[in-house]
Peer 1: 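This is the structure, below, for whatever I ask next.
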Amino acid sequence: MRKLIVAGAMLSLLSACGTSSGVFGRNRPDEFAVSRAAPLVVPPDFALVPPAPGAPRPQEADSSTQALQAMFGGQAPRSAVEGAAVTQAGANRAQVGIRANAGDPQTNVVDKGSVTRDIIAAPEGDGANAKVATPQ
């Protein structure tokens, strides 16, 4: 009985070395022969412009600046409506260092009320401590 088990194991091990016509031995299509590759051609409008003497090299620019330029373009000119709105809002009367003076105690601010102060002072999170209790 023992010899029969050993012979069966040897037979199964040797059968793994052969080829089979089952699932593993079937003919598969060649994925590279399915479609023909187009030939490489130079586009008709391909024209390289030589660099101007003394001009900055494009590779020397900051990579983050290049990424922003590629995503958003450069500074877009303001439309007439936007320019009029900014002018009417007082862009030409703005103080130069106003952002530095925003935290100054002498700066006049508008009182928004106690509800706004409570919302701003509320702790972060979704717990019961984060909810503002309104007086009844």
Peer 1: Within a radius of less than 6.0 Å around CE of Met10, do more than 12 heavy atoms belonging to other residues, nucleotides or ligands occur?
Peer 2: no
Peer 1: With sequence neighbours excluded, tell me which residues meet side chain to side chain contact (heavy atoms under 4.5 Å, CB included) with Thr116.
Peer 2: Lys112, Ile120
Peer 1: How close do Ala9 and Ser12 get, counting heavy atoms only, and between which atoms?
Peer 2: O-OG, 2.8 Å
Peer 1: Please name all residues satisfying side chain to side chain contact (heavy atoms under 4.5 Å, CB included) with Ser79, sequence neighbours left out, ordered by chain then number.
Peer 2: Val81, Glu82
Peer 1: Check Arg93 against Gln88 and note the closest heavy-atom contact, atom names and distance.
Peer 2: NH2-O, 4.5 Å
Peer 1: Would you name the heavy atoms of Thr87 and Asn92 that are closest together and state the gap between them?
Peer 2: O-OD1, 4.3 Å
